[in-house]
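Letters go in sequence order (proteins before strands), and every chain restarts at 1. Being a predicted model, the structure only gives us computed values, none of them experimental.
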Amino acid sequence: MPTRQILVTSALPYANGPIHLGHLVEYIQTDIWVRFQKMQGHRVVYVCADDTHGTAIMLSARHKGLSEEQWIGQMSQQHQADFAGFDIRFDRYGSTHSEENRQLCEQIWARALEQDLIAARDVQQLFDPVENTFLADRFVKGQCPKCGAPDQAGDNCDKCGHTYAATDLVNPVSTLSGATPELRSAPHFFFQLEKCRPVVEAWIDRPGSLQSETANYLKGHFLGDALRDWDLSRSAPYFGFEIPNQPGQYWYVWFDAPVGYIATTLQWCREHQQDLADWWQNPATEIHHFIGKDIVYFHTLFWPAILHTAGYQLPTRVHVHGFLTVNGRKMSKRDGTFIRGRKYLDHLPPAYLRYYYATKLGDNQDDLDLNVSEFVEKVNTDLVNKVVNLVSRSAKFGGQTGLSATYPADDGRFEYAAAQGQAIAAAYEAGELSKAMRLIMELADRANQYVEQAQPWKLAKDPQQATALRDTVTVALNLYRQIVIYLAPVLPSLQQQSGDLFGQALTDWNLAQTPLLGQTIGTYTHFMQRLNLQDVEKMIEETKLENAAALANATPATADATEAAPAAATDTADALLAEPLAEECTIDDFVKVDLRVARIVSAEEVPEARKLLKLVVSLGGDQTRQVFAGIKAAYNPEDLVGRLVIIVANLKPRQMKFGLSEGMVCAAGGGGTEVFLLSPDSGAVPGQRVH
RNA sequence: GGGCCGGUAGCUCAGUUGGUUAGAGCAGGGGACUCAUAAUCCCUUGGUCGCGGGUUCGAGUCCUGCCCGGCCUACCA
């Protein structure tokens, strides 16, 4: 097979949080594919980088009392240490906050301008006269223009769901200064994607670019209508690159993030005296992106359009994977299943996770479930009992006898496994890792059968049989060696250990075609330990405790060393930052809202509604109200009956799809499962007003 | 409400362009062995292929309706 030139990327992790087991699905999947391709002898460059721009990074840095550069510097170090811990080996790991990236963004921007793909439109935007800056939606609060709910963000109302422009807010307030914003016009820049439709459509239709479900998704959701312009600019304050000649205007993070793929390749090229054009403007170079299904939109519509505009090659294939679930459920802080990579590494070897993911991954976007007991079982059964057992049961004899000078008769077993190398390689190539693992385990079964039948332990007892023993060991160890070679993309640690034992680096796929002969065998010590369910449970339990502590806003006693600069033992500012204080109001304003103690007399699910419970609350006497509350994800109906809550009793009734809602139940929290009902101290009775 | 994907043995999944009695691994049951990390090997129980129609000589595989799950999107909070 001719040598291919392949550029591979994983999605850039956002420099605002640690790597967790969900991220690692992608990096492990990509790393396996890359290692496989390298073992084939192809020229492969695997790049990744931290995605460092955007409002969230700015806020985090501010919260930590650091500059953005300091903050993203810390995160980058953590990320790289975690990736290294999982044996994920990038050829270059960069940052979108690099000079190379800025220059490439400028070049690409210039090309887009030349081709008349950028539309400048003045957008009416709120301006903070105190801070002297335009306000992004998230820095404005005000009353919803539709339902009048206070404290709503600049893009949509979380009370009635109405979407609007920030300029539509009633009584808007800047959350930066508290000032009343002025309406000013600001220039915004839009990428006119529709003009690139032919290129994008052709690319999507080309067999190989995408998995069919991705192509279907794009056709169903976007290609049916005119492709909308994409707002590529953001006004200050924004952590990112300022647009040339447009002071105060920055590129939206999703513009410069994928350019980071190219910028990081450029850094690699400079480091290795290579030509960037050979990798990004060479039709013979394959470009493979590995991403999660959440960012398909950016990588399959805008990105090809931008690449085409800038004169770069379009991706050969975008490999989309699904999300990680743990024990069948979404990862959750409450369940302790939001496990950081570092936490995993504190407890368990990376090889186990790499292998487990491999057994679960195919070329599809299905979600992948990390089932803890299955994880333990697969690792023990497949890796320890089958694969490592082979070397474990043969190496002692092998150390005594060495390997025979010619390969003994083995009923065609070595030949069979050598031939299977093709099918296994095809599975790796296609991203069908689970299939590859199945095929390899079949070889391990066959090899164990051989040992069983050859009975080396009996031969070892008879000095007359020394040659037969050596031959048997030669077969067993060579069958093992083939398996290790095939597993090497997944288990580089085993590849290394076994290579040392054999005195031969097992870095080339084709080594599996030829037996190793006449070699002495090193001393074997266990390559892998069996895994206990308790070890995994302990990791989850620790995570749960830490998360619970974090959720309670106390600094956990077991605070993790990798967690950057934990605050003092006080509540964090996260909640306030997420939802800044509303405009000052008077006591007269407050008394307009009649808050009452109420008892929940019945609670039932609204089957058709995703978030709602239907509550009937009593205000005492025969006064009851029907209230719909968006707390389905956080509370079981049966747990609510009888409890006292605080309701807004004089809220104008609202006709909802499922019935009339005659009030509102007070709760704190960010929504979803993070909802915390207010309840009065004991002694309060239904009907009492809250003053 | 619309879209995409999935629903095959207790669990995780294979089932190639429709073709004979539907497969694997693990788990379960029985036996053998003792070199090996209570590992290995042999035998074995177990499935109305989500449900109903249809096309066909023949359907897990194609068409259609419905049910269930995941995700996306809209709406509703």
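Atom-to-atom, CE of A/Met437 to C1' of B/rU12 comes out at 15 Å; the value is rounded to the nearest Å. As a whole-Å value, the separation of A/Met664 CE from B/rC76 P is 17 Å. When the C1' atom of B/rG6 is taken as reference, atom CD of A/Gln365 falls 12 Å away, rounded to whole Å. Rounded to an integer number of Å, the gap from CZ of A/Phe375 to C1' of B/rU12 is 15 Å. Nucleotide B/rU40 holds its C1' atom 14 Å from the CG atom of A/Asp382, rounded to whole Å. Between the CG atom of A/Asn364 and the P atom of B/rC5 there is a distance of 12 Å, rounded to whole Å. Rounded to whole Å, the distance from CD on A/Glu377 to P on B/rA27 is 6 Å. Remark: C1' of B/rC42 and CG of A/Asn448 are 14 Å apart, rounded to the nearest angstrom.
For B/rG31 and B/rG10, the C1' atoms lie 23 Å apart once the distance is rounded to whole Å. Between B/rC35 and B/rG30, the distance separating the two C1' atoms is 24 Å to the nearest Å. Remark: the separation of the C1' atoms in B/rC13 and B/rC49 is 13 Å, to the nearest Å. Comparing the same atom, P, in B/rA27 and in B/rU12 gives a spacing of 15 Å after rounding to whole Å. To the nearest whole angstrom, the two P atoms, one in B/rG47 and one in B/rA38, are 34 Å apart. B/rA22 and B/rG50 are spaced 15 Å apart, taking the P atom of each and rounding to whole Å. Remark: the separation of the P atoms in B/rA14 and B/rA9 is 13 Å, to the nearest Å. Nucleotides B/rU55 and B/rC63 have their P atoms positioned 15 Å apart, rounded to a whole Å.
You'll find the side chain of A/Leu494 stays beyond 4.5 Å of the side chain of A/Pro492, heavy atoms only.
In a base pair of the Watson-Crick type (N1 to N3 plus N6-O4 or O6-N4) or a G-U wobble (N1-O2 and O6-N3), with each distance short of 3.5 Å, B/rA9 is matched with no nucleotide. Figure legend. B/rG65 is base-paired to B/rC51; pairs are counted as Watson-Crick or G-U wobble with both atom distances under 3.5 Å. Both distances falling under 3.5 Å, in either a Watson-Crick or a G-U wobble arrangement, occur for no nucleotide opposite B/rU17. For B/rC4, the paired nucleotide is B/rG70, the pair qualifying as Watson-Crick or G-U wobble because both relevant distances are below 3.5 Å. Under the Watson-Crick or G-U wobble criterion, with both distances below 3.5 Å, B/rC41 is paired with B/rG31. In a base pair of the Watson-Crick type (N1 to N3 plus N6-O4 or O6-N4) or a G-U wobble (N1-O2 and O6-N3), with each distance short of 3.5 Å, B/rU56 is matched with no nucleotide.
A/Asn389 comes within 4.0 angstrom of a nucleotide base, judged by non-hydrogen atoms across all strands. Among the protein residues, A/Tyr524 comes within range of the nucleic acid bases, having at least one heavy atom under 4.0 Å from a base atom. Among the protein residues, A/Val388 comes within range of the nucleic acid bases, having at least one heavy atom under 4.0 Å from a base atom. Heavy atoms of A/Ser392 sit under 4.0 angstrom from at least one base atom. Across all strands, A/Asp445 comes closer than 4.0 Å only to sugar-phosphate atoms, never to a base (heavy-atom distances). Residue-level contact check: A/Met441 touches neither bases nor backbone, having no heavy atom under 4.0 Å from any strand. The residue A/Phe527 sits close to a base: some heavy atom pair falls under 4.0 Å.
A donor-acceptor contact closer than 3.5 angstrom is absent between the side chains of A/Tyr450 and A/Asp410. Under 3.5 Å, the side chains of A/Asp445 and A/Gln449 contain no donor-acceptor pair of N or O atoms. For A/His319 and A/Trp33, the side-chain atoms include no donor-acceptor pair closer than 3.5 Å. No side-chain donor from either of A/Thr467 and A/Arg470 sits under 3.5 Å from a side-chain acceptor of the other. Side-chain atoms of A/Gln420 and A/Tyr486 form no donor-acceptor pair, as typed in the model, at a separation below 3.5 Å.
Comparing A/Asp367 and A/Val384 against RNA chain B, the residue whose closest nucleotide sits nearer the 5' end is A/Val384. Both A/Lys378 and A/Lys293 lie near RNA chain B, and the one whose nearest nucleotide falls closer to the 5' end is A/Lys378.
Look at A/Arg393 and you won't find any side-chain N or O under 4.0 angstrom from OP1 or OP2 of B/rU40. OP1 and OP2 of B/rC35 both lie 4.0 Å or more from every side-chain N or O belonging to A/Gln455. The phosphate of B/rG15 has neither OP1 nor OP2 within less than 4.0 Å of any side-chain N or O from A/Lys435. For B/rG25, the OP1/OP2 oxygens have no side-chain nitrogen or oxygen of A/Lys386 closer than 4.0 Å.
Taking the charged nitrogens against the carboxylate oxygens, A/Glu442 and A/Arg446 do have a contact shorter than 4.0 Å, which makes a salt bridge.
Of the candidates A/Leu477, A/Asn478, A/Thr474, A/Leu516 forms a side-chain contact (heavy atoms from CB on, under 4.5 Å) with just one, namely A/Asn478.
Here the nucleotide nearest the side chain of A/Lys461, chosen from B/rC71, B/rA36, B/rC35, is B/rC35. Comparing B/rU40, B/rA14, B/rU34 by their nearest atom to the side chain of A/Lys458 picks out B/rU34. With B/rC35, B/rC71, B/rU37 as the candidates, the nucleotide lying closest to the side chain of A/Lys396 is B/rC35.
Per the stacking criterion (ring centres < 5.5 Å, plane angle < 30°), A/Tyr217 does not stack onto the base of B/rC4.
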